[in-house]
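Starting from 1, each residue takes its place in the sequence as its number.
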Amino acid sequence: EAQLVESGGGLVQAGGSLRLSCAASGFTFDDSAVGWFRQAPGKEREGISCIRSSDGSTVYADSVKGRFSISSDFAKNTVYLQMNSLKPEDTAVYYCGAALWRLCPLNDYDYWGLGTQVTVSS
């Protein structure tokens, strides 16, 4: 079955760094876009970054631009989110999604992972 699994979340102090991974099984990231999202308690899901497999083009939300970086390793069928200069406001459950044969959409993704918790302490 097609599946996405996030990993790498945890507890980190403000100013620290963390790298999240999104691994696919049952399909490949080729000819697709992979996005990272987050959802804090009581808030709606927020799109924070996306990468296109076709050319590696990336996009970032203003809230994370300059601090987060998305990248891919297609040999491992994995997409990463490097998070630097973390702030307590970054605390949320982080999800990845895959959109097949499309550019980075807002919410129209074919597959979703179950999420990984990121907690940033002060």
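Within the structure, ring-ring contact (aromatic ring centres under 6.0 Å, His included) contacts touching residues 11-30 (residues at least two apart or in different chains) are F27-F29, F27-Y111. Sorted by first and then second residue, the pairs that involve residues 102-120 and meet salt bridge (charged side-chain N to carboxylate O under 4.0 Å, His left out), not counting sequence neighbours, are R102-D108, R102-D110.
Under the 4.5 angstrom side-chain criterion for Ile, Leu, Val, Met, Phe, Trp and Tyr, Y80 has no cluster partners at all. Think of F37 as one node in a network of Ile, Leu, Val, Met, Phe, Trp and Tyr side chains linked at under 4.5 Å; its network also takes in V93, Y95, Y109, W112.
In this view, R67 and D90 satisfy the salt bridge (Lys or Arg N to Asp or Glu O under 4.0 Å) rule, not counting sequence neighbours. Residues meeting the salt bridge (Lys or Arg N to Asp or Glu O under 4.0 Å) test with D55, sequence neighbours left out: R52.
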Subject >> side-chain hydrogen bond (donor to acceptor under 3.5 Å, both in side chains) between D73 and T78, worked out >> reply: CA-CA 5 Å; D73 184 345; T78 302; over 6 Å; no

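No side-chain heavy atom of Q117 sits less than 4.5 Å from a side-chain heavy atom of Y94.
Among the candidates L20, V64, L81, the single residue satisfying the side chain to side chain contact (heavy atoms under 4.5 Å, CB included) test with R38 is V64.
Looking at N77 and T28, their side chains never bring a donor and an acceptor atom within 3.5 Å of each other. Side chain to side chain, S63 and E89 fail the donor-acceptor criterion of an N or O pair below 3.5 Å.
Between the CD1 atom of I70 and the SG atom of C104 there is a distance of 7.0 Å, given to the nearest 0.5 Å.
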